[in-house]
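In the text below, chain A, chain B and the rest are named by the order of the sequence lines, each starting its count at 1. Nothing here was measured: the structure is a model prediction, and the numbers come from that model.
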Protein chains: 2
Amino acid sequence: MEAPKKRILIADDEPDILEIINYNLTKEGYEVYTAKDGNEALDRAKILNPDLIILDIMMPKKTGIEVCNLLRSQSLFQETLIIFLTALSDENSQIKGLETGADDYVSKPISPKVLVSRVNALFRRIYKEEGKTIKIGNVSIDPVKFMVSIDDKGVVLAKKEFELLHLLASKPGRVFLRNEILTQVWGTDVIVGDRTIDVHIRKIRQKLGVDCLTTVKGVGYKFEA
Amino acid sequence: MEAPKKRILIADDEPDILEIINYNLTKEGYEVYTAKDGNEALDRAKILNPDLIILDIMMPKKTGIEVCNLLRSQSLFQETLIIFLTALSDENSQIKGLETGADDYVSKPISPKVLVSRVNALFRRIYKEEGKTIKIGNVSIDPVKFMVSIDDKGVVLAKKEFELLHLLASKPGRVFLRNEILTQVWGTDVIVGDRTIDVHIRKIRQKLGVDCLTTVKGVGYKFEA
DNA sequence: ATTTTGTGTAAACATAAGGTTAACATGGAA
DNA sequence: TTCCATGTTAACCTTATGTTTACACAAAAT
């Protein structure tokens with residue numbers, strides 16, 4: 001399966017910087033979006049639900065720190081990676097930035113290549129399991145071969161079914177909200193009916209024959225042994 | 001509950017640096033160990049199995065890069081956090097360091113405070129999921145997995161029941177007024193009858209089998225061990 | 001080019017879990 | 001005792017999810 005591209009939102013008021021970062025990250029295979037001030041960053045973040053947000057600290061409307069605080073106070077953005085970008089290279093700003101809940105802090109002048117390396121390093125750490133075979137109980141899921149086995153007996157799943165199962169199994173026990181599932185598997189722009197997820201869940205349950213997908217009514221689904 | 005201390009191994013050939021970093025990280029609550037060259041770093045890593053290894057790049061016996069590569073080739077150290085420390089501040093070294101599989105790269109001269117912030121940021125990211133779990137006595141509440149356990153035995157709660165318990169347990173000992181509970185769990189716009197809360201409380205008490213929800217007559221409810 | 005097959009989505013309906021209510025019980029304080 | 005807040009129970013209603021069927025569409029096979 002083609003790994004879904006990671007979404008990155010960059011917020012900076014200098015168009016030049018936006019452009020050069022955008023260029024370099026896009027070249028690296030990321031899906032890049034931009035915002036030119038704090039408010040726009042917040043608005044776009046809510047709609048895009050990016051995997052990483054790069055925030056300039058000195059921005060009009062709202063500073064990067066303010067944006068970061070607002071994002072971190074919402075449960076949807078608890079796990080979103082955040083990198084601060086800034087001209088302030090003094091020690092205290094950096095410490096303050098990291099303590100606000102950012103994952104990295106890069107000082108200007110920015111080397112695009114270094115920034116890309118740091119972005120890669122963050123994603124490598126978080127999504128380390130991707131591409132690896134997931135084994136839980138007697139179920140094993142190989143995202144490379146696009147195959148699922150139960151007790152070493154192969155089961156064939158369709159693409160969407162596989163993606164859905166793979167998502168749920170990537171964090172066993174964790175509940176995925178219907179919304180999360182939609183954005184992760186279907187993407188942000190696609191709109192599908194209410195029953196679509198259920199239908200796929202049903203098909204997976206049917207094909208696997210093992211009861212490992214648990215419904216948490218009113219919340220979502222989770223994978224359990 | 002106290003989290004077990006995180007173990008950090010620092011490798012550098014300059015005793016001064018070892019000492020100052022050791023001092024600052026220990027003060028922050030980490031369990032710190034040191035090594036004075038590449039080989040010693042490898043040996044101690046195998047015995048200590050630290051959560052984080054801070055490696056100077058220019059070291060006798062083996063460079064930090066070599067040590068990193070050797071560690072990453074062993075399955076035991078796939079997940080270990082690694083930070084490079086170096087006097088080389090040029091772009092290419094940094095990129096190379098990050099691509100070797102390190103999680104961060106800090107240039108000398110090192111500000112101990114900044115290093116501590118970065119260490120904290122890494123741990124915060126990796127261990128955040130565990131931080132969300134509330135543990136009081138033998139009851140643990142995991143909002144991510146949407147699960148409640150008593151003495152490690154899972155208990156299944158319905159959505160409203162879970163939300164109610166989670167609210168009360170979020171501030172153990174504190175009394176929540178009925179009004180507070182209504183607005184927090186049901187929202188401001190919903191209007192429900194008098195007995196609704198009681199019924200849910202009852203169900204929780206029944207399912208948990210442990211007496212941890214105390215009634216404060218005329219006031220509200222609280223969670224107590 | 002045409003047929004076949006498999007996949008993804010929508011729509012309609014069924015079902016059961018969850019949530020609420022109402023009626024009554026209990027128990028302590030004035 | 002009497003009152004009032006909460007406990008208890010079971011019936012009831014609501015709603016999220018399960019299930020099935022049908023259809024559109026694209027890829028593969030003919």
Phosphate-side-chain proximity, Thr196(A) and dA10(C), N/O vs OP1/OP2 below 4.0 Å: yes

Residues that Arg195(A) engages under salt bridge (charged side-chain N to carboxylate O under 4.0 Å, His left out), provided they are two or more places apart: Asp198(A)

Any donor-acceptor pair under 3.5 Å from Asp151(A) side chain to Lys153(A) backbone: no

Lys6(B) vs Asp51(B), salt bridge (charged side-chain N to carboxylate O under 4.0 Å, His left out): CA-CA, chis, key distance, verdict: CA-CA 6 Å; Lys6(B) 304 283 186 305; Asp51(B) 301 291; over 6 Å; no

Salt bridge (charged side-chain N to carboxylate O under 4.0 Å, His left out) between Arg174(A) and Glu79(A), intermediate numbers included: CA-CA 13 Å; Arg174(A) 168 175 166 179; Glu79(A) 318 219 337; 3.6 Å; yes

Donor + acceptor pair across side chains of Tyr30(A), Asn120(A) (<3.5 Å): yes

Side-chain donor/acceptor of Arg72(B) to backbone N/O of Thr80(B), under 3.5 Å: yes

Where chain A begins and ends its contact with DNA chain D, read 5' to 3' at 4.0 Å from heavy atoms: dA16(D) to dT20(D)

Side chain to side chain contact (heavy atoms under 4.5 Å, CB included) partner of Ile54(B), the single match among Leu9(B), Leu25(B), Val106(B): Leu25(B)

Sugar-phosphate only, base, or nothing, as touched by Phe162(B) at under 4.0 Å among non-hydrogen atoms: nothing

Below 3.5 Å between N/O atoms, which protein atoms pair up with nucleotides 12-18 of chain C? Just atom names and distances, please.
from: dA17(C); atom 1: N3; to: Lys217(A); atom 2: NZ; distance (Å): 3.2

Atom pairs and distances, side-chain donor-acceptor, residues 155-165 of chain B, under 3.5 Å, sequence neighbours left out:
from: Glu161(B); atom 1: OE1; to: Ala158(B); atom 2: N; distance (Å): 3.0
from: Glu161(B); atom 1: OE1; to: Lys207(B); atom 2: NZ; distance (Å): 3.0

Whole-Å distance separating the CG atom of Leu164(B) from the C1' atom of dG19(C): 13 Å

Interface with DNA chain D, restricted to residues 165-192 of chain B and to heavy atoms under 4.0 Å: Arg178(B)

For Gln74(B), side-chain hydrogen bond (donor to acceptor under 3.5 Å, both in side chains) partners two or more places apart: none

Any His200(A) side-chain N or O less than 4.0 Å from OP1/OP2 of dT7(C): no

Qualifying residue for side chain to side chain contact (heavy atoms under 4.5 Å, CB included) with Leu85(A), from Asp104(A), Leu55(A), Leu115(A): Leu115(A)

Rounded interatomic separation in angstrom, taking CD1 from Ile201(B) and C1' from dG19(C): 15 Å

Arg125(A) to Phe123(A), cation-pi by 6.0 Å centre distance and 45° axis angle: no

